[in-house]
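Order of appearance sets the numbers: ligands from 1, and atoms from 1 within every ligand.
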Amino acid sequence: MRDLLPKDQRVWEKLRAVTRELGEAYGFERIDTPLVEASALFERGMGETSDVVEKQMFSLKAKDESALTLRPEFTAPVVRAYIQHGMSHLPQPVKVYYIGSLYRHEQPQEGRYREFYQNGFEILGGESDPIYDAQMIMVAYRFLEEMKIQKLSVQLNSIGCKQCRPLYRKKLVDYYKGKPACRTCKRRLLINPLRVLDCKEKECELIKKGAPSMIDSLCVLCRGHFKLVLEYLDEVKVPYILNAQLVRGLDYYNRTVFEIVTEGSDMALGGGGRYDYLMELLGGKSAPAVGFALGLDRIALMIDRQGIATEERKAKKAFFVNIGDLAKKKGLGLIESLRRAGVRVEESLGKESLKGQLATADKRGADIALIFGQMEAFEESIIIRDLKTGAQETVLLIKMVDAVKRKLHINE
Ligand code: HAM
């Protein structure tokens, strides 16, 4: 787990702001769910055999012995909230977005943390319409474009439905029979065969390459659904690459699954897909759903790696310099009147010397310094110094707010 320091916040503020903007632009409403949930929600939702549930949950026992888990994802909690609050009675589909921290006990490395942040968008209820799959992929793509991430690649697959997937599963297991796959794959073939396509071991590479493709085994309905997703994506000009080995690590998906990576890196910036069976699995009335989540830590890392400049905050600011006890006392009130008038004003009231305070003003990138000393305090005036040119003028305190606003171009 890491700290996000003040110097990192500019990027994070942008990530938050663009999440909000896209949410509003596409008609999604914000949802927040608790940091802890009953462990059973994730065990059932993400699947007992998923890596997250098998190895990565931060679980704890409460005083009343109930088993709780720090949320490792948002999708199951969002579905729980939909069921619990009777959201099926609202106009369908319900479109929500979220942003927050998640917890997975993974091997920490660059881009993989035990506390990390996601934003995500989900469309719940209504029809299992492929247009929503395409819209979700488009929103994810737009977010990354908005953050100016280069060389994006959308990897796309369909993993079928309850009808066609068992047939494919059998084909896959038959194909792997007698092949020298790794131990993990052998185990997966028994409990969750599709996951063998996710294997990163060298010894399995070649076997994987020759494996039958799910797309060839899709039933007529799934094939039609997938074809429309592709057509809609073509329509909105979101480029994609079909990846027959993309299965995703969580068990709730059916039909469309996707991940977004940047070329030359196998670190997924985000992923998602359709999950039409999860609602019923978690005790609700059957309802289709589709969504995605993006890894904000990885996006922040990419912004840094690709040298993408995030805009400097444009608001200009003043720095208040005070010398002597009287000026210090009166200064507090003056700072307040500036802040109330919408001026960004910083200060280092604890520092004594003029030089020390001006040096801090410089480091903080202030545009002007307001110098208030003993004499100014008596004369009810203040010095405004332009820190770029060094030019300065003295104004009466009653005119200070207007003069500062003019100098900093506030409300012009
Ligand atoms: P996920 O693929 O587990 O999907 O996570 C989505 C993204 O979160 C990943 O692509 C990655 O960028 C980021 N991520 C995951 N684990 C970590 C980690 N340990 N450190 C840093 N970043 C990480 C889900 O969570 C699904 N709930 C997505 C979804 C929403 N599907 C449908 N709706």
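Between the D386 side chain and the A391 main chain, no donor and acceptor come within less than 3.5 Å of each other. Between the side chain of N243 and the backbone N or O of Q155 there is no donor-acceptor pair closer than 3.5 Å. One N or O on the side chain of R223 and one on the backbone of L218 form a donor-acceptor pair closer than 3.5 Å. Formation of a donor-acceptor pair under 3.5 Å by the E73 side chain with backbone atoms of A76 is found in this model. Proximity of a side-chain donor or acceptor of S128 to a complementary backbone N or O of P288 within less than 3.5 Å is not detected.
Residue contact annotation: G120 has no non-hydrogen atom under 4.0 Å from ligand 1. Judged by the shortest distance from any of its heavy atoms, G270 lies inside the 4.0 Å radius around the atoms of ligand 1. Ligand 1 does not have V290 within reach: every non-hydrogen atom of the residue lies 4.0 Å or more from it. Using a 4.0 angstrom heavy-atom cutoff, Y252 counts as in contact with ligand 1.
Within the 6.0 Å centre-distance limit, the rings of Y275 and Y252 are counted as a close aromatic pair. Residues F292 and F121 place their aromatic rings such that the two centres sit under 6.0 Å apart.
The shortest N or O to N or O distance between G272 and ligand 1 is not under 3.5 Å. For ligand 1, none of its N or O atoms has an N or O atom of D297 under 3.5 Å away. Taking any N or O of R104, backbone or side chain, at least one lies under 3.5 Å from an N or O belonging to ligand 1.
Close contacts of ligand 1 with A268, meaning ligand atoms under 4.0 Å from a residue heavy atom, involve 10 (O), 11 (C), 12 (O). Interface of G271 with ligand 1, defined as ligand atoms under 4.0 Å from a residue heavy atom, comprises 10 (O), 28 (C), 29 (C). Of all atoms in ligand 1, listed by their number and element, those nearer than 4.0 Å to a heavy atom of F292 are 29 (C), 30 (C), 32 (C), 33 (N). Atoms of ligand 1 lying under 4.0 Å from any heavy atom of L269, numbered from 1 in the order shown and given with element: 10 (O), 12 (O). When each atom of ligand 1 is checked for a heavy atom of Y98 under 4.0 Å away, the hits are 30 (C). Ligand-side atoms of ligand 1 in range of G111: 20 (N), 21 (C), 22 (N), range being under 4.0 angstrom from any heavy atom.
More than 12 heavy atoms of other residues, nucleotides or ligands lie within 6.0 Å of CZ in R339, so this atom counts as buried by the packing criterion. In E205, the CD atom is crowded: over 12 heavy atoms of neighbouring residues, nucleotides or ligands sit closer than 6.0 Å.
In this structure, K171 fails the cation-pi test against Y175, since its NZ or CZ atom is not both closer than 6.0 Å to the six-membered ring centre and inside 45 degrees of the ring normal. Judged by the 6.0 Å distance and 45° axis criteria, R2 is positioned over the aromatic ring of Y113.
The protein atom (non-hydrogen) at minimum distance from atom 32 (C) of ligand 1 is G291 O, 3.3 Å. Protein heavy atom nearest atom 19 (N) of ligand 1, with residue, atom name and distance: E106 OE2, 2.6 Å. Of all protein heavy atoms, the one closest to atom 24 (C) of ligand 1 is L250 CD1, 3.7 Å. Nearest protein heavy-atom contact of atom 31 (N) of ligand 1 is Y253 OH, 2.6 Å. For atom 13 (C) of ligand 1, the nearest protein heavy atom (residue, atom name, distance) is G295 CA, 3.6 Å. Nearest protein heavy-atom contact of atom 5 (O) of ligand 1 is Q118 NE2, 3.1 Å. Atom 14 (N) of ligand 1 has its closest protein heavy atom at F116 CE1, 3.5 Å. Scanning the protein heavy atoms around atom 27 (N) of ligand 1, the nearest turns out to be E73 OE1, 2.6 Å.
Contacts between F121 and ligand 1 below 4.0 angstrom, taking non-hydrogen atoms only, are absent altogether. The side chain of E122, and not its backbone, has at least one atom closer than 4.0 Å to an atom of ligand 1 (non-hydrogen atoms only; side chain from C-beta on). When heavy-atom distances to ligand 1 are checked against a 4.0 Å cut-off, R248 comes that close only through its side chain, counted from C-beta outward.
With L296, T75, N119 as candidates, the residue nearest to atom 30 (C) of ligand 1 on a non-hydrogen basis is T75.
Contact record, L152 with E263: O-OE2, 4.1 Å, taken as the closest heavy-atom pair.
We find the NZ-CG distance between K61 and L68 to be 10.0 Å, quoted to the nearest 0.5 Å. Interatomic distance, CZ of F319 versus CG of L387, reported as 9.5 Å (0.5 Å rounding).
For the residue pair Y232 / D133, no side-chain donor-acceptor distance below 3.5 Å is found, with atom types taken as modelled.
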